[in-house]
Amino acid sequence: MYGPTLALAGVDFQVRAGEIHGLLGENGAGKSTLVRILAGAERQDGGELRFFGEQASGGPAERRKAGLAFIHQDLGLFADFSVADNIALSSGFSTRRGLIRQSASESAARAVVDRLGFDCDVTKLVGELPLADQTLVAVCRALAHGARLIVLDEPTAYLEARQVRKLFDILAGLRADGVACVLITHRSEDVLRVCDRVTVLRDGRSVARRSAAQLSEAELIRLITGREDASGNVPRRPGTRPVRRLRMAAENLRGAGFGPLSLEIREGEVLGLCGLADAGQFAVGLALMGDAPLSSGTVALDGRPYQPGSVRTALDAGLGYVPANRTADGLAGGLTAVENVLMSPRGPWWRPLRGRSDRETCQRLLETFRVSPPQADREVMTFSGGNQQKILLAKWLGFDRRLVILNEPSAGVDVGAKADIHRRIRRDCEVNGTAALVITTDFQEIVDLCDRAVVMRRGLAVGNLEASRISADLLTEMAYGGTA
Ligand SMILES: Nc1ncnc2c1ncn2[C@@H]1O[C@H](COP(=O)(O)OP(=O)(O)OP(=O)(O)O)[C@@H](O)[C@H]1O
Ligand SMILES: [Mg+2]
């Protein structure tokens, strides 16, 4: 129970040694709550919990010692610490005469990183790594102390296909060593590819346990949503639309990790900018928002020069921005949903909340975005991960923006909500003439959502595809440089 909210109402959940067990369910079904209870970070109000045959006891530290490892949805890393220190914080620092031996932590970290085949400088600060790499650091940290049960709460949300494959290879290897894994994911292809069995939660109850080999994708989606007709993501082929005015023209942009790059986007257009995680696409978004310097190039918005300088300038010019990392950069944790949605300094003047009418506007937005529960006055961090993502989108899509830059817009949302979010983005563009720049490593998202796609590799644009030519295979091939 969270106050009056019943998060888990009756869950039966068993994981065997040496299996990969999928824990599935819609946004808000109770998956992360269950994980926090397993981790000892929260107490259950009833029921029994056993690990390796023993009654569970103690808090997070004891459970870690007992051989459990958890990768929470928000990763829980320390951004200002190095990769090596983050790993050592969990597996223990090596000390000599009371002093931490930095070199020992570093070589221990390097050993795990290498075991994962993950190309990473362990002396770098975690906060400086792309989100995909931060996920892998969290995985390394879990592996570092020889856990026998590893629980991963949506590890693949920010990973590109190649990294997902690598992670799954590692999990499969652990299975052979008798390690049990619990995998939470909203991608049904992940589940069918790697899981042995699945447990499905709905409204805080376990409603099904199945062996994955017997499941089809359609059946899986039906179990998760509880609806017969649930088709998941409606395949949508963007049609040709009337040619509209040029909204943004960027020429010869150069910045850290990309360039020279030219981009054009029209009013009402949904343009995908994609590539492998390190292709430079995220840096382009940051530079357009004035959050990273441009070393050269020009940008015009509606025919007028636009000089990215600071986030303030970008907002005043009519841009909107959904960052990839919603908990670090997107949402203000201690504030309520209404405060988060409305208190963005969107217009030229920041204005304080106006009370009732604002609350009603926000309430309507939460309902259109199907945020659950639709409670504007609730603290934003008490929403489930997928619902936080919907709130973040409501903050920018609910208003007239000229250009919205959306990083990984559907990260962590369930199949049904993903289709909803795609419809919302397209409607916003169609009705308000907003141009959307969708930056993602999820190629299927580009296929489902975008009118056009620009593919980047090593900081350069290597392809510009109209909707009719976009396919996940072609995007992959271009992103890898034709060697996939
Ligand atoms: N700290 C909290 N206070 C109040 N309610 C909470 C809190 N944490 C979670 N809840 C509620 O508990 C329910 C289950 O949330 P949980 O985060 O476990 O969902 P989830 O299955 O992990 O969803 P997602 O796929 O979106 O991450 C939701 O209704 C959520 O709003
Ligand atoms: Mg969750």
Side-chain angles (χ1 to χ4, degrees), residues 1-11 13 21-47 70-76 135 138 151-158 182-188 190-191 198-208 220-221 223-226 230 232-233 325-327 330-338 340 366-367 369-394 408-421:
M1 297 285 296
Y2 292 112
T5 312
L6 185 64
L8 292 180
V11 173
F13 184 52
H21 196 114
L23 180 59
L24 314 174
E26 289 188 315
N27 293 136
K31 304 176 298 293
S32 299
T33 306
L34 178 58
V35 171
R36 286 193 294 270
I37 289 174
L38 298 179
E42 247 157 55
R43 293 242 159 259
Q44 74 269 33
D45 304 308
F70 295 88
I71 298 169
H72 292 286
Q73 201 161 10
D74 58 8
L75 301 181
T135 307
V151 180
L152 306 100
D153 195 349
E154 281 190 64
T156 61
Y158 299 104
V182 174
L183 177 68
I184 297 178
T185 171
H186 289 293
R187 299 187 183 181
S188 40
D190 287 358
V191 176
V198 302
T199 294
V200 180
L201 300 189
R202 205 185 303 144
D203 302 326
R205 292 174 195 281
S206 40
V207 294
L220 190 63
I221 292 174
L223 283 174
I224 291 171
T225 59
N233 222 349
N325 192 344
R326 61 178 168 255
T327 42
L331 295 169
L335 302 183
T336 61
V338 63
N340 266 283
L366 296 190
E367 280 158 23
F369 279 85
R370 296 194 217 198
V371 172
S372 157
Q375 294 167 356
D377 286 321
R378 210 175 140 111
E379 206 177 292
V380 76
M381 284 307 152
T382 69
F383 286 89
S384 80
N387 283 296
Q388 289 174 23
Q389 182 69 17
K390 294 186 216 167
I391 293 172
L392 185 54
L393 286 164
E408 310 283 7
S410 64
V413 303
D414 63 48
V415 271
K418 186 167 179 177
D420 252 13
I421 283 176

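Numbering of ligands and ligand atoms starts at 1, following listing order. Computed over heavy atoms, backbone and side chain alike; hydrogens, waters and symmetry mates excluded.
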Could you tell me the separation between the OG1 atom of Thr185 and the NZ atom of Lys31, rounded to the nearest 0.5 Å? 9.5 Å
Any chance you could measure Asn27, atom CG, to Gln389, atom CD, to the nearest 0.5 Å? 9.5 Å
Interatomic spacing from CG in Leu366 to CZ in Phe383 - rounded to 0.5 Å: 6.0 Å
If we only count N/O pairs under 3.5 Å, is Ser384 in contact with ligand 1? yes
Compute the shortest N/O to N/O distance between Gly30 and ligand 1 and return yes if it is under 3.5 Å, no if not. yes
Is any N, O or S atom of Ser32 under 2.8 Å away from the Mg ion (ligand 2)? yes
Looking at ligand 1, does Arg378 have a heavy atom less than 4.0 Å from it? yes
Below 4.0 angstrom from a heavy atom of Asn27, which ligand 1 atoms are there? Numbered from 1 as shown, please. 23 (O), 24 (P), 25 (O), 26 (O)
Check whether any heavy atom of Glu379 sits under 4.0 Å from an atom of ligand 1. no
Gap separating the CG atom of Leu38 from the OG1 atom of Thr33, nearest 0.5 angstrom: 10.5 Å
Interatomic spacing from CD in Gln388 to OG1 in Thr382 - rounded to 0.5 Å: 8.5 Å
Can a non-hydrogen atom of Arg36 be found less than 4.0 Å from any atom of ligand 1? yes
Do Gln73 and Val35 make a side-chain contact, defined as non-hydrogen atoms from C-beta onward lying under 4.5 Å apart? no
So which heavy atom on Leu75 is nearest to which on Ile71, and how close? CD2-CG2, 4.1 Å
Nearest non-hydrogen atom to atom 27 (O) of ligand 1 belongs to which of Gln73, Gln375, Arg202? Gln73
For the backbone of Leu392 and the side chain of Arg326, can you confirm whether one donor and one acceptor N or O come within less than 3.5 Å of each other? no
To the closest 0.5 Å, what do you measure between OG (Ser32) and CG (Leu201)? 10.0 Å
Is there a polar contact between ligand 1 and Gly28, counting only N or O atoms under 3.5 Å apart? yes
I'd like to check which ligand 1 atoms, numbered from 1 as shown, lie under 4.0 Å from a non-hydrogen atom of His186. 25 (O)
For Pro373 and ligand 1, does the shortest N/O to N/O distance drop below 3.5 Å? no
Taking distance alone, with N or O pairs closer than 3.5 Å, would you say Gly25 contacts ligand 1? no
Run the numbers for me: atoms of ligand 1, each under 4.0 Å from some heavy atom of Glu26, listed by number. 21 (O)
A student checking ligand 1 against Thr33 at a 4.0 Å heavy-atom cut-off should list atoms 14 (C), 15 (O), 16 (P), 18 (O)
Metal check, the Mg ion (ligand 2) vs Ser384 N/O/S, cut-off below 2.8 Å: no
Under 4.0 Å from one or more heavy atoms of Gly386, ligand 1 contributes atoms 24 (P), 26 (O), 27 (O)
Just wondering, are more than 12 heavy atoms of other shown residues or ligands nearer than 6.0 Å to CZ in Arg202? yes
